[in-house]
Amino acid sequence: MKRLVFFILAAVLLLPGQAFAHTHLKDASPQDGETIIEPISEVELIFDTNIENLSTMTLNLGEEEIELDQRIENEVLAGTASAPLENGNYTLSWDIIGADGHQMQDSISFTVDAEQPEAAVEETAPEEQLPAAEDEEVVQEDEEEAMSGGTASEEAEGGSVSWIVIMVIGIVVLLSAGLLLSKKGK
(Lines give C-alpha, C1' and ligand atoms only; values in the text may rest on other atoms or scores of the structure.)
Protein backbone atom coordinates (compact mmCIF):
# COMPACT_ATOMS: atom_id res chain seq x y z
CA MET A 1 0.00 0.00 0.00
CA LYS A 2 2.85 2.37 0.80
CA ARG A 3 4.28 1.71 -2.65
CA LEU A 4 0.98 2.64 -4.27
CA VAL A 5 0.85 5.94 -2.39
CA PHE A 6 4.49 6.61 -3.30
CA PHE A 7 3.88 5.96 -7.02
CA ILE A 8 0.75 8.12 -7.08
CA LEU A 9 2.57 10.94 -5.31
CA ALA A 10 5.56 10.62 -7.67
CA ALA A 11 3.25 10.73 -10.71
CA VAL A 12 1.44 13.82 -9.43
CA LEU A 13 4.73 15.62 -8.83
CA LEU A 14 6.50 14.61 -12.04
CA LEU A 15 3.79 14.77 -14.71
CA PRO A 16 2.84 18.45 -14.55
CA GLY A 17 6.44 19.62 -14.99
CA GLN A 18 5.45 21.70 -18.00
CA ALA A 19 3.08 23.83 -15.91
CA PHE A 20 6.05 25.24 -14.00
CA ALA A 21 8.41 25.70 -16.97
CA HIS A 22 9.49 29.20 -17.94
CA THR A 23 9.01 30.55 -21.43
CA HIS A 24 12.09 30.27 -23.64
CA LEU A 25 12.99 31.33 -27.17
CA LYS A 26 12.05 28.58 -29.63
CA ASP A 27 13.04 30.24 -32.92
CA ALA A 28 14.16 33.61 -34.27
CA SER A 29 14.37 35.31 -37.62
CA PRO A 30 17.16 36.15 -38.08
CA GLN A 31 18.89 33.45 -36.04
CA ASP A 32 21.50 34.20 -33.38
CA GLY A 33 24.87 34.71 -35.12
CA GLU A 34 23.35 34.72 -38.61
CA THR A 35 24.62 36.99 -41.41
CA ILE A 36 21.80 38.33 -43.57
CA ILE A 37 22.74 39.09 -47.20
CA GLU A 38 19.28 40.26 -48.35
CA PRO A 39 17.60 43.51 -47.32
CA ILE A 40 15.58 42.95 -44.14
CA SER A 41 13.20 45.17 -42.22
CA GLU A 42 11.39 42.66 -39.96
CA VAL A 43 12.64 40.65 -37.01
CA GLU A 44 10.63 37.91 -35.32
CA LEU A 45 10.95 35.96 -32.09
CA ILE A 46 8.96 32.78 -31.48
CA PHE A 47 8.66 31.47 -27.93
CA ASP A 48 7.59 28.05 -26.66
CA THR A 49 4.46 29.44 -24.95
CA ASN A 50 2.16 32.41 -25.43
CA ILE A 51 3.53 35.73 -24.21
CA GLU A 52 1.75 38.65 -22.58
CA ASN A 53 0.97 41.94 -24.33
CA LEU A 54 3.40 43.85 -22.08
CA SER A 55 6.35 42.07 -23.73
CA THR A 56 8.81 44.24 -25.68
CA MET A 57 11.89 44.05 -27.89
CA THR A 58 14.65 46.50 -28.74
CA LEU A 59 16.93 46.44 -31.76
CA ASN A 60 20.30 48.19 -31.61
CA LEU A 61 22.91 48.89 -34.28
CA GLY A 62 25.86 49.48 -32.00
CA GLU A 63 24.61 52.07 -29.51
CA GLU A 64 21.84 53.36 -31.80
CA GLU A 65 18.36 52.02 -31.09
CA ILE A 66 16.32 51.25 -34.21
CA GLU A 67 12.63 52.08 -33.80
CA LEU A 68 10.36 49.09 -34.44
CA ASP A 69 6.63 48.80 -34.93
CA GLN A 70 5.99 45.83 -32.60
CA ARG A 71 3.19 43.30 -32.53
CA ILE A 72 2.42 40.29 -30.36
CA GLU A 73 0.39 37.32 -31.56
CA ASN A 74 0.23 34.34 -29.18
CA GLU A 75 3.85 33.13 -28.91
CA VAL A 76 5.26 35.51 -31.57
CA LEU A 77 6.87 38.89 -30.89
CA ALA A 78 7.67 40.68 -34.16
CA GLY A 79 9.04 44.09 -35.02
CA THR A 80 9.16 45.97 -38.30
CA ALA A 81 11.52 48.86 -39.04
CA SER A 82 10.32 51.73 -41.23
CA ALA A 83 13.10 51.00 -43.75
CA PRO A 84 15.44 48.09 -44.54
CA LEU A 85 18.19 47.73 -41.93
CA GLU A 86 21.59 49.22 -42.73
CA ASN A 87 24.61 46.95 -42.91
CA GLY A 88 26.16 46.30 -39.52
CA ASN A 89 26.09 44.24 -36.34
CA TYR A 90 22.74 44.21 -34.52
CA THR A 91 21.63 43.14 -31.07
CA LEU A 92 17.98 42.16 -30.63
CA SER A 93 16.97 42.16 -26.95
CA TRP A 94 13.65 41.16 -25.46
CA ASP A 95 11.85 41.52 -22.17
CA ILE A 96 8.83 39.21 -22.16
CA ILE A 97 6.27 37.95 -19.70
CA GLY A 98 5.47 34.32 -20.38
CA ALA A 99 2.18 32.49 -19.94
CA ASP A 100 3.39 31.41 -16.50
CA GLY A 101 3.67 35.07 -15.45
CA HIS A 102 7.48 35.06 -15.20
CA GLN A 103 9.56 37.79 -16.79
CA MET A 104 12.34 36.60 -19.11
CA GLN A 105 15.08 38.73 -20.69
CA ASP A 106 17.73 37.78 -23.22
CA SER A 107 19.19 38.84 -26.56
CA ILE A 108 20.61 37.56 -29.83
CA SER A 109 23.04 39.12 -32.29
CA PHE A 110 23.06 39.08 -36.06
CA THR A 111 24.79 40.87 -38.92
CA VAL A 112 23.29 42.54 -41.97
CA ASP A 113 25.60 42.49 -44.99
CA ALA A 114 23.16 43.16 -47.83
CA GLU A 115 24.16 44.57 -51.19
CA GLN A 116 23.27 48.25 -51.20
CA PRO A 117 21.82 49.79 -54.39
CA GLU A 118 24.10 52.47 -55.85
CA ALA A 119 21.51 55.12 -56.65
CA ALA A 120 18.17 54.16 -55.25
CA VAL A 121 15.35 56.40 -56.32
CA GLU A 122 12.66 56.33 -53.69
CA GLU A 123 9.13 56.47 -54.87
CA THR A 124 6.71 57.66 -52.28
CA ALA A 125 3.35 55.99 -52.51
CA PRO A 126 0.37 57.52 -50.81
CA GLU A 127 -0.49 55.75 -47.59
CA GLU A 128 -3.44 53.45 -47.90
CA GLN A 129 -6.37 54.38 -45.75
CA LEU A 130 -8.42 51.71 -44.04
CA PRO A 131 -12.09 51.84 -44.82
CA ALA A 132 -14.05 53.54 -42.05
CA ALA A 133 -16.05 50.36 -41.34
CA GLU A 134 -12.85 48.38 -40.74
CA ASP A 135 -11.55 51.06 -38.34
CA GLU A 136 -14.81 50.86 -36.40
CA GLU A 137 -14.50 47.06 -36.14
CA VAL A 138 -11.01 47.37 -34.66
CA VAL A 139 -12.21 49.96 -32.12
CA GLN A 140 -15.22 47.81 -31.26
CA GLU A 141 -13.02 44.72 -30.70
CA ASP A 142 -10.72 46.75 -28.41
CA GLU A 143 -13.70 48.03 -26.44
CA GLU A 144 -15.15 44.51 -26.11
CA GLU A 145 -11.81 43.20 -24.84
CA ALA A 146 -11.57 46.02 -22.29
CA MET A 147 -15.13 45.39 -21.13
CA SER A 148 -14.56 41.63 -20.77
CA GLY A 149 -11.90 42.39 -18.19
CA GLY A 150 -8.93 40.71 -19.81
CA THR A 151 -7.30 39.05 -22.75
CA ALA A 152 -7.15 35.41 -23.68
CA SER A 153 -3.57 35.24 -22.40
CA GLU A 154 -4.69 36.57 -19.02
CA GLU A 155 -7.38 33.90 -18.95
CA ALA A 156 -4.79 31.23 -19.82
CA GLU A 157 -2.59 32.45 -16.96
CA GLY A 158 -5.55 32.06 -14.60
CA GLY A 159 -5.90 28.48 -15.87
CA SER A 160 -2.28 27.76 -14.93
CA VAL A 161 -2.88 29.04 -11.43
CA SER A 162 -5.97 26.83 -11.16
CA TRP A 163 -3.93 23.76 -12.05
CA ILE A 164 -1.37 24.62 -9.41
CA VAL A 165 -4.08 24.94 -6.75
CA ILE A 166 -5.65 21.64 -7.84
CA MET A 167 -2.25 19.90 -7.69
CA VAL A 168 -1.50 21.23 -4.20
CA ILE A 169 -4.91 20.08 -2.95
CA GLY A 170 -4.34 16.66 -4.56
CA ILE A 171 -0.97 16.30 -2.89
CA VAL A 172 -2.43 17.21 0.51
CA VAL A 173 -5.23 14.66 0.02
CA LEU A 174 -2.76 11.94 -1.01
CA LEU A 175 -0.47 12.66 1.92
CA SER A 176 -3.41 12.63 4.33
CA ALA A 177 -4.66 9.34 2.90
CA GLY A 178 -1.17 7.87 3.18
CA LEU A 179 -0.90 8.92 6.82
CA LEU A 180 -4.34 7.52 7.69
CA LEU A 181 -3.57 4.19 5.99
CA SER A 182 -0.21 3.90 7.70
CA LYS A 183 -1.83 4.54 11.13
CA LYS A 184 -4.55 1.92 10.46
CA GLY A 185 -1.90 -0.65 9.57
CA LYS A 186 -0.21 -0.31 12.97
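All residue numbers in this chain count up from 1 along the given sequence.
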Verify same cluster id: V76, I108 (apolar side-chain graph, 4.5 Å): no

Same cluster (ILVMFWY, side-chain, under 4.5 Å), W94 and L61: yes

Qualifying residues under salt bridge (Lys or Arg N to Asp or Glu O under 4.0 Å), relative to E67, sequence neighbours excluded: none

Rounded to the nearest 0.5 Å, what separates atom [atom1] in [X] from atom [atom2] in [Y]?
X: I46; Y: D27; atom1: CD1; atom2: CG; value: 5.0 Å
X: I96; Y: E52; atom1: CD1; atom2: CD; value: 9.5 Å
X: E75; Y: I72; atom1: CD; atom2: CD1; value: 12.0 Å
X: T80; Y: I40; atom1: OG1; atom2: CD1; value: 10.0 Å
X: L85; Y: E42; atom1: CG; atom2: CD; value: 10.5 Å
X: S82; Y: L68; atom1: OG; atom2: CG; value: 9.0 Å

Any donor-acceptor N/O pair, [X] side chain to [Y] backbone, under 3.5 Å:
X: Q31; Y: A28; value: yes
X: N87; Y: A114; value: yes
X: Q70; Y: M57; value: yes
X: D100; Y: H102; value: yes

Parallel, tilted or perpendicular, as decided by the 30° and 60° cut-offs, for the rings of Y90 and F110: parallel

With the side chain counted from C-beta on, respond yes when [X] and [Y] share a heavy-atom pair under 4.5 Å apart, and no when they do not.
X: L92; Y: L45; value: yes
X: P30; Y: V43; value: yes
X: S93; Y: T91; value: yes
X: I51; Y: T23; value: yes

Over all atoms of both residues, closest heavy-atom pair of A83 and S41: O-CB, 3.8 Å

Results of side-chain hydrogen bond (donor to acceptor under 3.5 Å, both in side chains) for Q105 - residues two or more places apart only: D95

S29: side-chain hydrogen bond (donor to acceptor under 3.5 Å, both in side chains) partners, not counting sequence neighbours: none

